Amino acid sequence: MSTNVIYGINGPVVTVKGATSLSMMEMVYVGEQKLAGEVIKLDNGFTTIQVYEETTGLKPGDPIYSTGARLAATLGPGILDNIFDGIERPLRDIEKQSGAFIARGASMSALDVERQWDVTVDAKVGDVLQGGQIYARCPETSIIEHRCMVPPSVSGKVEWAAPNGKYTINDTVVKLRLDNGQLYELTLCQRWPIRSPRPVAQRLYANVPLITGQRVIDTLFPIAKGGTAAVPGGFGTGKTMTQHQLAKWCDADIIVYVGCGERGNEMSQVLNEFSSLIDPKSGRPMTDRTVLIANTSNMPVAAREASIYTGITLAEYYRDMGYHVAIMADSTSRWAEALREISGRLEEMPAEEGFPAYLPSRLSEFYERAGLVKTLGSEEGSVTIIGAVSPQGSDFSEPVTQNTKRFTRCFWALDKSLAYARHYPAINWLNSYSEYTGDLERWYDTNVGEDFMRCRTQFSFLLQEEARLMEIVKLIGSDVLPDDQKLIIETAKVIRVGFLQQNAFHKDDTYVPLKKQLLMMRAILYLHKRSVTAISVGVPLSMILETGLFDRLTRIKYDIPNDDLSALERYPRDIDETISALSQR
């Protein structure tokens, strides 16, 4: 029987009075129903615990049970094609046990302990294994091989290895004789504290882009594998849909999608879409390389705070196997609100807008777990973090957005006016930026085309010039502008509508390969160049517009299929013939 009992209850925060044997960050079970909780504060007189479940019904005097361990994630085969809550409880299994709603105190293994996996044991008797080395592997899904790794702090000599065959996650497959003489048994799974980053051998220079197939991102504001990006936007600007597109089409090996405080219908939409979507690279269901963590807005607020750490821990685990992982956090504002609520319950001194003073450090701890690394097992893997931010009233000056900007190198600012005009992705090209363009320039030159970054720079210049000229037009009208400046506005319109705007429901426009993106940029810029020449010799812009060339280039994204780009290479010739005919009149 527990000797620790509840003294006070304040929402999800429970206090114990007097001296206890509990330690900081220890996982505990609270009350007769054994609700999961975590020790978050120790002082002379009180121990404070945050409970990850609804505390209704708890009362002073109820027992608290110590586990002696930190809040940790179970890591092993069975994570993919699964959906967990914020503290890694399997929601499908809980549904079978308690129905549509999670019963309080529901407790079951995160992974299926009865399922047998077809395991290949790589370790041989006499091998010396270090932390991070792979000792066994099994097909977790049809496209992802699960690689069982020695825990980072363990090393020793293999004294026994099981033959290849079928095993459950708790079966011992390798026995190590540690340096201190103890025998250590390796199963197919391990546990890792979610608030502690998994160690790596070396952090590498992130110079390979995460290809998303979304033109505004790949071209204007690219992100590197192992990079960080923020997607801020008010209600209705398409944050969730943008993250859905990235999750579906980016070239990461594995997707971790964290629904942190979002509406339940949005998470159900993710489930329905991902289960029906076929992965374009493998031809298999998208869920075969996806894990979902659902902590919706009606779930306990404390578990919402933990869900971000659970997601990043799962991502780091697959990174250590040598995979490139992308984690979508939707949204970090709801996570920050959970911090604010818990901080208020703890009666801590609030900082700006009521958020705790440690909000920046918590955000930095999360985003700094991204990176391209050399793992302890000498593999190369990465974790890319893309976090949505939901500023109230689209106010980007609020604390979560401003602090997120400090720790991310990509800023994809969603614009309400673009979203309401049905321009998706609604990423504002004037307010957004990427600090990865210089790092990725060599990769683009080598793998796409030597003029890719030059075309990108010209696009950015034309869009900036259009913004400047439109200020003049708003004041005194467009008639006062000379033709060369009107041409900039027309070209920028083609860039905005024909290039940056993308249709997620069109088979050739939902995902666009980099080669097509480059050819589209070349064609648009070539038309602009030839039009500038024609205007310089007296051809009116109105005559150039009447040829329909600008409208034709706007339709390129629909007219040219992704699997046959040869037609795109004919556009420069057609432009030459049409403009030359005008010049000869």
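Keep in mind the model is a prediction, meaning the values are calculated, not measured.
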Just so I know, are the side chains of [X] and [Y] near enough to count as touching, which here means a heavy-atom distance under 4.5 Å?
| X | Y | answer |
| --- | --- | --- |
| T384 | I223 | yes |
| F411 | E435 | no |
| I211 | D218 | yes |
| I544 | L487 | no |
| L549 | L553 | no |
| K557 | F499 | no |
| V258 | M328 | no |

Counting only heavy atoms not in [X], do more than 12 sit closer than 6.0 Å to its [atom1] atom?
| X | atom1 | value |
| --- | --- | --- |
| Q392 | CD | no |
| F235 | CZ | no |
| K486 | NZ | yes |
| R422 | CZ | no |

Walk me through it: do E569 and S566 pass the test side-chain hydrogen bond (donor to acceptor under 3.5 Å, both in side chains)? CA-CA 5 Å; E569 297 173 355; S566 57; over 6 Å; no

[X]/[Y] ion pair, N-O < 4.0 Å:
| X | Y | answer |
| --- | --- | --- |
| D122 | R147 | no |
| D509 | R215 | yes |
| R468 | E465 | yes |
| K239 | D330 | no |
| D320 | R198 | yes |
| R496 | E466 | yes |

Is the ring centre of [X] less than 6.0 Å from the ring centre of [Y]?
| X | Y | result |
| --- | --- | --- |
| Y317 | H146 | yes |
| H324 | Y318 | no |
| F366 | F407 | no |

Please name the pair of heavy atoms, one in [X] and one in [Y], separated by the smallest distance, quoted to 0.1 Å.
| X | Y | result |
| --- | --- | --- |
| I488 | L462 | CG2-O, 4.0 Å |
| L440 | N207 | CD2-C, 3.5 Å |
| K516 | D508 | NZ-O, 4.0 Å |

Dump the intermediate steps for side-chain contact (heavy atoms from CB on, under 4.5 Å) on H528 and V532, then the final yes or no. CA-CA 6 Å; H528 181 76; V532 168; 3.8 Å; yes

Under the side chain to side chain contact (heavy atoms under 4.5 Å, CB included) test, residues paired with Q485 that sit two or more places apart: L469, L481, P482

Is there a donor in the side chain of R369 and an acceptor in the side chain of T313, or the other way round, less than 3.5 Å apart? yes

Q245 pairs by side chain to side chain donor-acceptor pair (under 3.5 Å) with which of T212, T240, T510? T510

Sequence-distant partners of E380, salt bridge (Lys or Arg N to Asp or Glu O under 4.0 Å), two or more places apart: none

Classify the ring geometry between W429 and H423 as parallel (under 30°), tilted (30 to 60°) or perpendicular (over 60°). tilted

Give a yes/no verdict on a cation-pi contact between R552 and Y571, requiring under 6.0 Å between NZ or CZ and the six-membered ring centre and an angle within 45° of the axis. yes

How many angstroms lie between atom CD1 of I524 and atom CD1 of I495, to the nearest 0.5 angstrom? 6.0 Å

For the CD1 atom of I79 and the OG1 atom of T141, what is their distance to the nearest 0.5 Å? 12.0 Å

Please step through side-chain contact (heavy atoms from CB on, under 4.5 Å) for the pair L372 and V208, ending with a clear verdict. CA-CA 9 Å; L372 177 68; V208 176; 5.7 Å; no

